[in-house]
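First up is the structure itself, then whatever we jot down about it.
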There are 2 protein chains.
Amino acid sequence: MHDTDTSLKDARRIELLNMASELLATKPTASLAEIAEYAGIGKATLHRYFASREALILALGYRALALVTQAISASQPEQGSATEALKRIIEALVPLGDKLYFLLREPLLETHADFVAAESASQLPILALIQRGQASGEFKHDLSAEWIVHYLDYALFATWQSLYDGNLARRDAARVLITTLFGGIVTSPS
Amino acid sequence: MHDTDTSLKDARRIELLNMASELLATKPTASLAEIAEYAGIGKATLHRYFASREALILALGYRALALVTQAISASQPEQGSATEALKRIIEALVPLGDKLYFLLREPLLETHADFVAAESASQLPILALIQRGQASGEFKHDLSAEWIVHYLDYALFATWQSLYDGNLARRDAARVLITTLFGGIVTSPS
DNA sequence: CCCAAATGAGATAAAATAGTCTCAAAAGAG
DNA sequence: CTCTTTTGAGACTATTTTATCTCATTTGGG
């Protein structure tokens, strides 16, 4: 068993996760047979990579959290103003919709305390960033930082869904989200 | 068969819908047996009121749309400024979370073209209101009215979920949502 | 080219759930 | 109080989906 062996299996595993999250985003109740067919493999092979549906979903969930964590840290949340840092994070997260959107509608994950805890932990950097922005006066302080983080999550889901539905162009998505989230829908009293 | 007979059956049917939407909000995959138990009735009786799971879910969906339509029209969306009208609508919709939140996670409804069309139709008054607000200069015109309506939906879901999780008090919910949605998270440059 | 490992297709359990049916008990109208 | 209707509990069937297993075929390393 060489390095390339594990690399190939890992790569295929990742590709399976990509296909699965893609399908589950549009059809949360897809059966394993449908997932296998969508990924172009046999269901037996799917089972060789993921012992059960639960194992697949959990792998998808943790992979999603890892992607979020990586996107956040790559955006250097502690660099520059909180506003600019949050913009960078949003621009990094919006393109990940294919791999994250299924989280909204997958009931299995919230029954796993470990996963829920990991999910909260993955958002801590954003929470810290919001608090930093509140302390610097950039973000509103009459809204709790926890609420803002939660609201941001849903604003991202709204964006991803608009992308799926074709009501938002990829190149516009992050900008539209940032405009709406940052400044709201009411015209500024300028 | 007197009027009271149908009234009583109707009342019970509505109570069943209430219990079902309440349970499905927290457990979207609840079986019919679980729903019946949660409502305190036998599963045979549940089947007497709703022939199938699909019939139950559709009844829930259409009831939800009716509640939205009613809440909107009771808020008189064409009275006063668009901003004030939208505030009234949001204040009317926030308390309906128990009966509407399940919509976000119910996969069955989006497969029914009729329902999807009815859902769009139920939001037309809000769309018109947003457009009115854009024309009057109250709402941003560099965001599409469709996007704002869609974003509002998700902001409502975010609020309802915070209420379920106990992270938002009932009396604060509408105010917090309105603040965040209308003015965003960034401090106004006053 | 050869061979071990991985794969795909499908048969076959095993499990969960939707939906039906029966019957005794409860509820409600008059 | 009596009779009709509705209900609840549970047995039972049908259906769907997960999970296992077999075996011929394919793939890729050496």
Side-chain angles (χ1 to χ4, degrees), chain A residues 1-21 23-61 102 105-112 115, chain B residues 1-21 23-61 102 105-112 115:
Chain A
M1 185 181 292
H2 301 310
D3 281 355
T4 47
D5 283 359
T6 43
S7 296
L8 281 177
K9 291 199 72 169
D10 284 358
R12 186 157 201 201
R13 192 183 157 92
I14 289 172
E15 187 53 25
L16 282 181
L17 291 176
N18 288 343
M19 299 300 274
S21 55
L23 178 61
L24 289 173
T26 60
K27 188 169 182 179
T29 60
S31 70
L32 292 182
E34 289 172 305
I35 294 172
E37 186 187 355
Y38 185 80
I41 64 171
K43 32 183 181 177
T45 305
L46 182 58
H47 267 99
R48 286 179 191 114
Y49 280 86
F50 304 99
S52 67
R53 166 176 262 266
E54 191 170 352
L56 169 62
I57 299 296
L58 277 176
L60 279 172
F102 81 97
R105 314 187 66 199
E106 175 52 60
L108 211 155
L109 289 173
E110 48 194 305
T111 66
H112 285 259
F115 179 79
Chain B
M1 186 181 289
H2 301 311
D3 283 353
T4 45
D5 283 359
T6 44
S7 297
L8 281 177
K9 291 197 73 170
D10 284 359
R12 187 157 201 202
R13 193 183 156 92
I14 290 171
E15 186 54 24
L16 281 183
L17 292 176
N18 287 343
M19 299 299 275
S21 55
L23 178 60
L24 289 173
T26 61
K27 188 169 183 178
T29 60
S31 69
L32 291 182
E34 288 173 307
I35 293 172
E37 186 187 354
Y38 185 80
I41 65 171
K43 38 182 179 173
T45 305
L46 182 57
H47 271 285
R48 286 181 192 112
Y49 281 86
F50 303 99
S52 66
R53 167 176 261 265
E54 190 168 356
L56 169 62
I57 300 296
L58 276 176
L60 280 171
F102 81 96
R105 314 186 67 200
E106 175 52 61
L108 211 157
L109 290 174
E110 49 195 309
T111 67
H112 285 257
F115 178 80

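Chain letters run A, B, ... following the sequence lines, proteins first, then strands; residues in each count from 1.
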message: So if I take the C1' atoms of five pairs at each end of the helix from dC1(C)-dG30(D) to dG30(C)-dC1(D) and get each local axis, what angle do the two axes make, rounded to 10 degrees?
response: 40°

Glu54(A): partners by side chain to side chain donor-acceptor pair (under 3.5 Å), with sequence neighbours left out: His112(A)

- request: Name all residues meeting the ring pair (Phe, Tyr, Trp, His ring centres under 6.0 Å) criterion together with Phe115(A); count only those two or more places apart in sequence or in a different chain, and write none if there are none.
  value: Tyr62(A)

- prompt: Got a sec, which residues hit side chain to side chain donor-acceptor pair (under 3.5 Å) with Ser52(A), two or more places apart in sequence or on another chain?
  reply: none

task: Return the set of residues passing side-chain contact (heavy atoms from CB on, under 4.5 Å) with Ala59(A) (not counting sequence neighbours), or none when no residue passes.
output: Arg13(A), Leu17(A), Phe50(A)

Please set out all donor-acceptor pairs under 3.5 angstrom arising from side-chain atoms of residues 33-42 of chain B, sequence neighbours excluded.
unit_1: Glu34(B); atom_1: OE1; unit_2: Ser31(B); atom_2: N; d: 2.7
unit_1: Glu34(B); atom_1: OE1; unit_2: Ser31(B); atom_2: OG; d: 3.4
unit_1: Glu34(B); atom_1: OE2; unit_2: Lys27(B); atom_2: NZ; d: 2.7
unit_1: Tyr38(B); atom_1: OH; unit_2: Glu22(B); atom_2: OE2; d: 2.7

query: When you measure from the side chain of Arg48(B), which nucleotide among dC21(D), dG10(D), dT7(D) comes out closest?
result: dT7(D)

message: I'd like to check the side chain to side chain donor-acceptor pair (under 3.5 Å) partners of Lys43(B); sequence neighbours left out, ordered by chain and number.
response: none

Please enumerate all protein N or O atoms sitting under 3.5 Å from an N or O of nucleotides 12-18 of chain D, with distances to 0.1 Å.
unit_1: dT18(D); atom_1: OP1; unit_2: Arg53(A); atom_2: NE; d: 2.9
unit_1: dT18(D); atom_1: OP1; unit_2: Arg53(A); atom_2: NH2; d: 3.4
unit_1: dT18(D); atom_1: OP2; unit_2: Leu32(A); atom_2: N; d: 3.0

query: Start at the 5' end of DNA chain D and walk down; is the nucleotide closest to Glu54(A) or to Ile41(B) reached first?
result: Ile41(B)

- prompt: Can a side chain N or O of Tyr49(B) be found less than 4.0 Å away from OP1 or OP2 on dT7(D)?
  reply: yes

query: For Arg105(A), what residues pass the side chain to side chain donor-acceptor pair (under 3.5 Å) criterion, not counting sequence neighbours?
result: Glu110(B)

